[in-house]
Amino acid sequence: VDTLKPQSYEARHVPTAINVPEDMDFVKNFEAAVQVPKDREIIVYCSSETCERHVRAAEALERAGYTKVLRFAAGLAGWQQSGFAFDSTN
């Protein structure tokens, strides 16, 4: 789950990621976009290790009862540094 703003997601995102921007309604928006069991593995990320969006999103999902929430702390910067390709909607 890409937790960044739609403009960022449109420019580049991890392949197969969905965009649910981290905000006050994150869990509600996540559940509207993705119908998955609460024990399904969910990976959240943002731009880099200094970005806190994925941390807040993961905590919100955990409070909502999701039990397998993983945080890809390196984010887009780490993905690029590893040489992996991005997708875009542009």
Peer 1: What do the steps show when you test His13 against Trp79 for side-chain contact (heavy atoms from CB on, under 4.5 Å), and what is the final call?
Peer 2: CA-CA 9 Å; His13 58 269; Trp79 191 263; over 6 Å; no
Peer 1: Roughly how far, to the nearest 0.5 Å, is the CZ atom of Arg53 from the CZ atom of Phe26?
Peer 2: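 If I round to the nearest 0.5 Å, the distance is 10.5 Å.
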Peer 1: Output the distance between atom NZ (Lys5) and atom CD (Glu10), rounded to the nearest 0.5 Å.
Peer 2: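 It is 13.0 Å, given to the nearest 0.5 Å.
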Peer 1: Kindly compute the distance separating CZ (Arg12) from CG (Leu76), expressed to the nearest 0.5 Å.
Peer 2: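 Those atoms lie 5.0 Å apart.
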Peer 1: Is there a path of hydrophobic side-chain contacts, each under 4.5 Å between heavy atoms, that joins Phe86 and Tyr9?
Peer 2: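 Each belongs to a different hydrophobic cluster.
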Peer 1: Should we say atom NZ of Lys38 is surrounded by more than 12 heavy atoms from elsewhere, each under 6.0 Å from it?
Peer 2: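 Enclosed: over 12 neighbouring heavy atoms sit under 6.0 Å from NZ of Lys38.
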Peer 1: Can you see which heavy atom on Asp39 is nearest to which on Thr67, and at what distance?
Peer 2: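 It is CA-OG1, 3.4 Å.
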Peer 1: Are Glu59 and Arg71 close enough, and set up right, to give a side-chain contact (heavy atoms from CB on, under 4.5 Å), and what steps lead you there?
Peer 2: CA-CA 10 Å; Glu59 290 171 349; Arg71 300 166 187 172; 3.6 Å; yes
Peer 1: Could you grab the distance from atom CG of Asp2 to atom CG of Asn19, nearest 0.5 Å is fine?
Peer 2: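 These two atoms lie 5.0 Å from each other.
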Peer 1: I would like to know whether Val1 and Leu61 meet side-chain contact (heavy atoms from CB on, under 4.5 Å); could you show each step before the answer?
Peer 2: CA-CA 11 Å; Val1 177; Leu61 289 171; 5.8 Å; no
Peer 1: How close do Ala57 and Glu22 get, counting heavy atoms only, and between which atoms?
Peer 2: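 Residues Ala57 and Glu22, closest heavy atoms: N-CG, 3.9 Å.
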Peer 1: For Ala77 versus Ser48, what's the shortest heavy-atom pair and its separation?
Peer 2: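 Looks like CB-CB, 4.0 Å.
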Peer 1: Linking I/L/V/M/F/W/Y whenever any side-chain heavy atoms sit under 4.5 Å apart, do Ile42 and Val34 land together?
Peer 2: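 Yes, Ile42 connects to Val34 through the hydrophobic network.
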Peer 1: Please enumerate all residues that pass side-chain contact (heavy atoms from CB on, under 4.5 Å) together with Glu52, with sequence neighbours excluded.
Peer 2: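 Val55, Arg56.
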Peer 1: For Phe72, enumerate each residue passing the ring-ring contact (aromatic ring centres under 6.0 Å, His included) test, keeping only those at least two apart in sequence or located in another chain.
Peer 2: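 None.
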Peer 1: Closest heavy-atom contact between Ser88 and Ala11?
Peer 2: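 Nearest pair, atom of Ser88 first, then Ala11: CB-O, 3.1 Å.
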Peer 1: Work out which heavy atom in Val44 is nearest to a heavy atom in Ala58; give both atom names and the distance.
Peer 2: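 Heavy-atom minimum between the residues: CG2-CB, 3.9 Å.
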Peer 1: Hey, what do you get for OG1 (Thr3) to CG (Asp23), rounding to the nearest 0.5 Å?
Peer 2: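 Atom-to-atom, Thr3:OG1 and Asp23:CG are 10.5 Å apart.
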Peer 1: Residues two or more places apart in sequence or in another chain: which of them pass ring-ring contact (aromatic ring centres under 6.0 Å, His included) with Tyr66?
Peer 2: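 By the ring-ring contact (aromatic ring centres under 6.0 Å, His included) rule, Tyr66 matches Phe30.
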Peer 1: Can you hop from Val36 to Val69 via hydrophobic side chains spaced under 4.5 Å?
Peer 2: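 Same cluster.
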Peer 1: Take Val14 and Phe84, measure what side-chain contact (heavy atoms from CB on, under 4.5 Å) needs, and give me the verdict at the end.
Peer 2: CA-CA 9 Å; Val14 171; Phe84 297 129; over 6 Å; no
Peer 1: NE2/His54 to CG/Leu4 distance, rounded to the nearest 0.5 angstrom?
Peer 2: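 Atom-to-atom, His54:NE2 and Leu4:CG are 10.5 Å apart.
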